[in-house]
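Notes for the one structure printed next.
One-based numbering along the sequence shown.
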Amino acid sequence: MWRISLVFIKLSTCSSPSTIHIQKKKHKIMAPSFEDGNSVFEFVVRRGNGVKGLVDSGLSKVPEVYVQPPKERIDKENAVKHGLPPVDLSKLDGFGPDHDEVADQIVKAAETLGFFQVVNHGVPLHLLESLKDTAHYFFSLPPQRKAVYRSDVSPSPLVKYGSSFMPEKEKALEWKDYILMQYTNDDEALQHWPQEIKGVLLEYLRSSIGMVKKLLQVLLGKFGIKPDDPMIDVLIGKKMLSMNFYPACPNPDLTVGVGRHSDMGTLTVLLQDGIGGLYVKMEQDMDYGKKGDWIEIPPTPNALVINVGDMLQILSNGKYKSAEHRVRTTSTSSRVSIPIFTMPRETTKIVPLPQVVEKDGTALYREFVLIDYMKNFFENAHEGKKSLDFVKINLT
């Protein structure tokens, strides 16, 4: 079928408001057979049209390949909303009771839910708005512009465009398109990242790293590690950034934007828009819910979401929790989110901190090289926190 779409041509990729000219252009969308799973898979994944292309082709109901088993669907009506206020990071500057109070809040959040929101984080607020606008802009581009970065044809190993997490191995596909960038240095990012988004993403990364270091200094300081310890930089030696797009879904109760999983890195910084849809599984009883409940992390204006990754859970010998989380879809509006994943470099050896193991009496995880953990993580579909089993020591 033929459709009329809006093609945006940006004149600047910096984070300040850009002048955008809008042209009308026709794109021929050859709609797949919505009843044929192989046809949908070919259209969305192999040809790179994404879920966005599926929706634009005239979709009126979710194809069967996106229908999740009942146990994986998100019951938003009965989910608990996280009501705790965001952490004010400006109070970490200096010393005194305010610093200690905020440090305690960060440690407690990492020990319990594994997620918390922060304000006064040092990332310019105008940049947060520009990031969301740029994400919507990028995914509005013609399919052929995005599809050049599919993993099998991408001109750079630093950039990957795709749909769902591991579509070849998933029982039901996730309702998400994404563009994922690996950061090595500014020069390579400027050379290889997509022209439309590289400027704003680089500024996002530069302005966030100081905050990540502060958080790690607090979290590792709990175990006696000094703020200037080289370990801080080692744990964030590798960075990856993603722009995620969740198109409006005709049957959101049947789908998920992202399935149950924990992040494999050290700390994740997440910008979510005002629509919401992020849910975290509680690992213990708390004032606002019971162990096993799913709690919604509602958007807070000007805030960033921080979550603990698997590497921090392993280093702390289980003291900090890389919480299981997932994302729902919505029928009203398309949603975007922009995470920064920090982690050690691939060749780094990871093992629980010896001072923690000495206190605990036993290590819960074996020593490993990060590249082996990454291969296991990225070769399997999302399945809660199962990735941790790869390095967990069986104590029975």
Side-chain angles (χ1 to χ4, degrees), residues 10 12-18 82 84-94 98-99 102-103 105-106 109-110 114-138 178-183 185-186 189-190 193-194 196-219 227 232-233 235-245 263 265-276 278 297-309 312 335-343:
K10 268 197 172 181
S12 170
T13 56
C14 66
S15 63
S16 57
S18 302
H82 185 271
L84 294 180
V87 177
D88 183 354
L89 291 188
S90 67
K91 295 181 180 179
L92 277 181
D93 298 329
D98 285 349
H99 175 279
V102 169
Q105 290 173 359
I106 292 168
F115 267 77
F116 54 98
Q117 299 194 72
V118 296
V119 292
N120 295 323
H121 37 63
V123 182
L125 300 185
H126 71 84
L127 176 59
L128 302 184
E129 296 307 311
S130 184
L131 281 160
K132 290 180 280 189
D133 291 343
T134 302
H136 278 288
Y137 158 70
F138 179 81
Y178 67 89
I179 182 83
L180 177 68
M181 280 72 54
Q182 295 190 52
Y183 176 82
N185 56 61
D186 283 8
L190 290 169
W193 291 7
E196 299 89 349
I197 60 178
K198 60 187 178 184
V200 70
L201 284 175
L202 274 174
E203 188 172 348
Y204 180 39
L205 178 61
R206 292 186 195 115
S207 59
S208 298
I209 288 302
M211 169 189 61
V212 173
K213 287 184 177 181
K214 280 185 179 181
L215 293 172
L216 280 177
Q217 287 168 349
V218 169
L219 292 168
I232 304 289
D233 287 325
L235 291 176
I236 58 171
K238 181 179 177 66
K239 294 98 174 169
M240 301 170 69
L241 298 88
S242 181
M243 282 187 163
N244 302 323
F245 184 74
D263 291 350
T266 303
L267 283 178
T268 299
V269 179
L270 175 72
L271 170 63
Q272 59 172 340
D273 62 17
I275 296 173
L278 175 63
I297 309 296
T300 298
N302 304 327
L304 291 168
V305 178
I306 307 296
N307 71 273
V308 174
L312 205 49
R335 176 181 182 267
V336 295
S337 66
I338 304 99
I340 298 174
F341 305 102
T342 65
M343 63 198 74

Interatomic distance, [X] atom [atom1] to [Y] atom [atom2] [nearest 0.5 angstrom]:
X      : Y      : atom1 : atom2 : answer
Tyr204 : Leu127 : OH    : CG    : 8.5 Å
Gln217 : Ile106 : CD    : CD1   : 10.5 Å
Thr342 : Leu205 : OG1   : CG    : 10.0 Å
Phe116 : Asn307 : CZ    : CG    : 9.0 Å
Leu271 : Asn244 : CG    : CG    : 11.0 Å
Leu202 : Leu241 : CG    : CG    : 8.0 Å

Residue that, paired with Leu89, satisfies side chain to side chain contact (heavy atoms under 4.5 Å, CB included) out of Val119, Leu215, Leu304: Leu215
Note: Glu129-Lys132 ion pair, threshold 4.0 Å (strictly below): yes
Ignoring hydrogens and angles, state whether a donor on the side chain of Gln117 or Thr300 is under 3.5 Å from an acceptor on the partner side chain. yes
If only side-chain N and O atoms count, and only distance matters, is there a donor-acceptor pair under 3.5 Å linking Gln182 with Lys239? no
Nearest atoms (heavy-atom pairs only) where Thr266 meets Met343: OG1-CA, 3.6 Å
Going through the distances and angles, do Met240 and Leu180 end up as a side chain to side chain contact (heavy atoms under 4.5 Å, CB included)? CA-CA 7 Å; Met240 301 170 69; Leu180 177 68; 3.6 Å; yes
Given 3.5 Å as the limit, does a donor-acceptor pair link the side chain of Asp263 with the main chain of Gly265, or not? no
Side chain to side chain contact (heavy atoms under 4.5 Å, CB included) evaluation trace for Tyr183 with Trp193: CA-CA 9 Å; Tyr183 176 82; Trp193 291 7; 4.0 Å; yes
Please determine whether side chain to side chain contact (heavy atoms under 4.5 Å, CB included) holds for the pair Ile338 and Leu270, giving the CA-CA distance in whole Å, both sets of side-chain angles, and the decisive distance to 0.1 Å. CA-CA 6 Å; Ile338 304 99; Leu270 175 72; over 6 Å; no
